[in-house]
2 protein chains.
Amino acid sequence: MQKEIELFRDGLKKNNLKVTRQRLRVLEAFLKTEKHVSCDELYRLIRGEHPEIGYATVYRTLKLIQEAGLAREVDFGDKVLRLEHEYGHKHHDHLICLACGKFFEVFDPDIEALQEKLAKKQNFTPVRHKMDIFGYCQKCQGKSASCV
Amino acid sequence: MQKEIELFRDGLKKNNLKVTRQRLRVLEAFLKTEKHVSCDELYRLIRGEHPEIGYATVYRTLKLIQEAGLAREVDFGDKVLRLEHEYGHKHHDHLICLACGKFFEVFDPDIEALQEKLAKKQNFTPVRHKMDIFGYCQKCQGKSASCV
DNA sequence: GTATAATTGAAAATGATTTTCAATTTCATA
DNA sequence: TATGAAATTGAAAATCATTTTCAATTATAC
């Protein structure tokens, strides 16, 4: 966590931005949660300990955290911006359960290699990609989405 | 196109919904465009010929088109709901250019097979998946996103 | 044709995200 | 450690896509 805070400070300094109490609180809250957290969820978490920090500040700081390379966007199809940890977390794909909403992180080097090859074949230079598989997890086998 | 219209009518009838002039106009407009169209874009297209059709009707009809299995959602990361043709269009993945915004449809059966295997290994029953590769297309090589 | 249930368009509501702005805070420099 | 320019803050308002409301209209089974 110290390393992440260092990277965040560096990112701010590099852009002539200031290291404020609020920004550090938001970063700490983000680092503490391992969830794929939305801005609203993080705001509620922070509000408990620091009710003086406003929604806009949380929102703005999340952008900065992304820009510092500490978080990446994930999209679970619910139209809400969610962020997951990036630093120290390798790229991975997601299995997302349509019944219970839980997600699982997976990684397959063979798929990654084929994706790279597929892009190259089209003379396309890949920068990043995302792959999400929606379905039913072990516990929810046989359930349908409406049974949630 | 006749087949699609037939399927749409059937879908409506099955749910005790009515086949209206407006719904047919929206479907036709959707079928005519091969783009990954947003609700707003489609509304503007329709407005030219049928200014009496309202936004809400376009929006509602797009839902029905989806439910009839004629369109599926795509997400290009711009927070806007977009639909692409589903009927007669096989599943595919997308290469999305960060510079010019163009996209390319690709398909690799080996990747599909590995995805299936990956899910199974986690006792996960896949229903659908999406894979988007963001990067730079042949024309935009070397450009950065800010050069658009 | 008539009854009735669904549909329509306009406008308003919603909900996440983003901006505005006056007051406050940071921090490089003195 | 003080100072002042520049950045930041929180609250509220604005934005923007999406979704709902509702009274008037329309489709369709009989």
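If you're wondering where the values come from, they're calculated on a predicted model, not measured in any experiment. Protein chains get the first letters and strands the later ones, always in sequence-line order, with residue 1 at the start of each.
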Any salt bridge linking [X] with [Y]? Criterion: basic side-chain nitrogen under 4.0 Å from a carboxylate oxygen.
{"X": "B:K63", "Y": "B:E67", "answer": "no"}
{"X": "B:E116", "Y": "B:K120", "answer": "yes"}
{"X": "A:E41", "Y": "A:R82", "answer": "yes"}

To the nearest angstrom, how far is [X] atom [atom1] from [N] atom [atom2]?
{"X": "B:L62", "N": "C:dT8", "atom1": "CG", "atom2": "P", "value": "12 Å"}
{"X": "A:L24", "N": "C:dT26", "atom1": "CG", "atom2": "P", "value": "10 Å"}
{"X": "B:R21", "N": "D:dT25", "atom1": "CZ", "atom2": "C1'", "value": "11 Å"}
{"X": "B:L64", "N": "C:dA6", "atom1": "CG", "atom2": "P", "value": "14 Å"}
{"X": "A:L83", "N": "C:dA16", "atom1": "CG", "atom2": "C1'", "value": "14 Å"}
{"X": "B:Q22", "N": "C:dA10", "atom1": "CD", "atom2": "C1'", "value": "14 Å"}
{"X": "A:L81", "N": "D:dA17", "atom1": "CG", "atom2": "C1'", "value": "15 Å"}
{"X": "B:K79", "N": "D:dT18", "atom1": "NZ", "atom2": "C1'", "value": "14 Å"}

So if I take every side-chain heavy atom of [X] and compare against [options], which nucleotide ends up nearest?
{"X": "A:R23", "options": "D:dT8, C:dC27, D:dT18", "result": "D:dT8"}
{"X": "B:A56", "options": "C:dT26, C:dA16, D:dT20", "result": "D:dT20"}
{"X": "B:T57", "options": "C:dT26, C:dT7, C:dT8", "result": "C:dT8"}
{"X": "B:T20", "options": "C:dT8, C:dT17, D:dT8", "result": "C:dT8"}
{"X": "B:L17", "options": "C:dA6, D:dT9, D:dA17", "result": "C:dA6"}

So is A:K3 actually on top of A:Y87's ring, under 6.0 Å and inside 45° of the axis? no
Could one point to a donor on the side chain of [X] or the base of [N] with an acceptor on the other under 3.5 Å away?
{"X": "A:K18", "N": "D:dA6", "value": "yes"}
{"X": "B:R25", "N": "C:dT7", "value": "no"}
{"X": "A:R82", "N": "C:dT17", "value": "no"}

Quick one: on DNA chain C, does A:Y55 or B:R60 contact a more 5' nucleotide (nearest heavy atom)? B:R60
Considering only heavy atoms from C-beta outward, does the side chain of A:L64 approach that of A:F8 to under 4.5 Å? yes
By nearest-heavy-atom nucleotide on DNA chain D, the more 5' of A:V19 and B:V80 is A:V19
Which part of the nucleic acid, if any, lies within reach of A:K13 when heavy atoms closer than 4.0 Å are counted: base, sugar-phosphate only, or nothing? nothing
